[in-house]
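Notes for the one structure printed next.
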Amino acid sequence: MNHWEILLRLVVAIVVGCIIGIERERKNRPAGMRTHVLVCVGAATIAILETLLLQDTLSLNVGTDHSGVAVSVGRISAQVVSGVGFLGAGTIFVSQKKIAGLTTAASLWNAACLGLAAGMGYHFLALAGCGVVIVTLTFMQRVVHVNAVKNVEVKFVHRKETLDFINAYFEEADIKVLDVNFHVENNESYNLYTNLYTLHLPNKTSYTDIVNHLSEFANIQSVRTRNV
């Protein structure tokens with residue numbers, strides 16, 4: 001392997017890490033372009049090192065008296081794949097019982113794997129894998145829409161009239177109520193009711209639609225979503 005080939009492999013790793021990192025940076029994720037490029041280039045460097053070690057070992061076994069010299073191929077790369085986990089763990093955090101950063105951690109791990117592929121000279125595999133990662137990060141959520149289970153908190157007055165409106169809307173929109181908790185605050189002039197709904201939504205309906213629709217009713221004072 002000459003110097004130009006080494007440079008080409010590093011450039012491919014930079015391109016792959018940059019493409020994935022820009023997508024994460026656009027969404028203001030914990031690990032952006034520079035982090036993904038560094039992970040990808042670092043993995044590529046380890047892969048190139050292993051390739052050079054293998055070539056040196058083979059050269060020692062050909063036409064010399066050093067027959068039987070061996071090297072364990074893949075051991076260093078395996079440490080990269082497992083060791084990059086500490087970077088991924090650094091991008092994951094828990095807030096209000098909600099886990100965030102898992103997708104960025106997965107993209108970092110993929111950047112390391114693609115860097116290994118680029119470093120070993122499998123340029124097409126590295127670029128094709130990069131394309132798959134970008135499609136997954138950018139388009140899959142738009143094509144496959146999944147409504148995560150959330151709680152919808154509704155604060156309202158005039159109980160009977162408002163509940164008739166809410167129940168009629170849920171029935172019309174084919175929204176199933178899995179559970180509901182309620183709370184009443186007694187004020188001097190009126191009672192303030194708080195219902196906490198756990199809902200199952202059809203694919204055509206989003207939580208934004210629910211909040212927008214319910215908030216238009218005069219008796220409803222506030223509507224918000226809460227993570228389960």
Side-chain angles (χ1 to χ4, degrees), residues 1-94 99-144:
M1 185 192 308
N2 57 41
H3 293 166
W4 290 110
E5 177 64 21
I6 293 175
L7 184 61
L8 174 62
R9 297 184 183 191
L10 290 176
V11 168
V12 172
I14 292 172
V15 171
V16 169
C18 188
I19 293 173
I20 299 174
I22 287 175
E23 194 280 337
R24 295 284 85 190
E25 190 114 24
R26 283 178 56 251
K27 296 184 178 179
N28 197 28
R29 295 304 188 233
M33 180 181 65
R34 290 181 300 174
T35 304
H36 281 80
V37 169
L38 288 173
V39 169
C40 201
V41 170
T45 303
I46 293 299
I48 293 171
L49 174 61
E50 280 205 329
T51 304
L52 293 174
L53 288 173
L54 179 60
Q55 289 180 353
D56 291 342
T57 302
L58 292 176
S59 65
L60 288 174
N61 284 305
V62 176
T64 67
D65 295 332
H66 301 284
S67 59
V69 177
V71 64
S72 179
V73 180
R75 181 171 295 180
I76 303 178
S77 297
Q79 297 305 313
V80 172
V81 174
S82 59
V84 77
F86 84 94
L87 280 177
T91 67
I92 301 172
F93 59 93
V94 180
I99 299 175
L102 285 174
T103 303
T104 300
S107 69
L108 273 175
W109 185 77
N110 270 277
C113 296
L114 295 174
L116 289 173
M120 291 183 176
Y122 299 101
H123 304 144
F124 177 78
L125 175 60
L127 293 173
C130 176
V132 172
V133 171
I134 290 300
V135 168
T136 302
L137 291 174
T138 307
F139 300 108
M140 182 168 289
Q141 193 172 15
R142 301 177 187 176
V143 176
V144 182

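As a basis for the values below, the full set of heavy atoms in this structure was taken, side chains included, without hydrogen atoms, waters or symmetry mates. Positions are given from 1, in the same order as the sequence printed here.
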Nearest heavy-atom pair of Leu108 and His36: which atoms, and what distance? N-NE2, 3.7 Å

Shortest non-hydrogen contact from Leu125 toward Leu114: O-CD2, 4.3 Å

Euclidean distance, Ile14 CD1 relative to Ile19 CD1, rounded to 0.5 Å: 12.0 Å

If you look at every heavy atom in Met120 and Arg9, which pair is closest and at what distance? C-NH1, 3.2 Å

Spacing of Ile20 atom CD1 and Cys40 atom SG [to the nearest 0.5 Å]: 6.5 Å

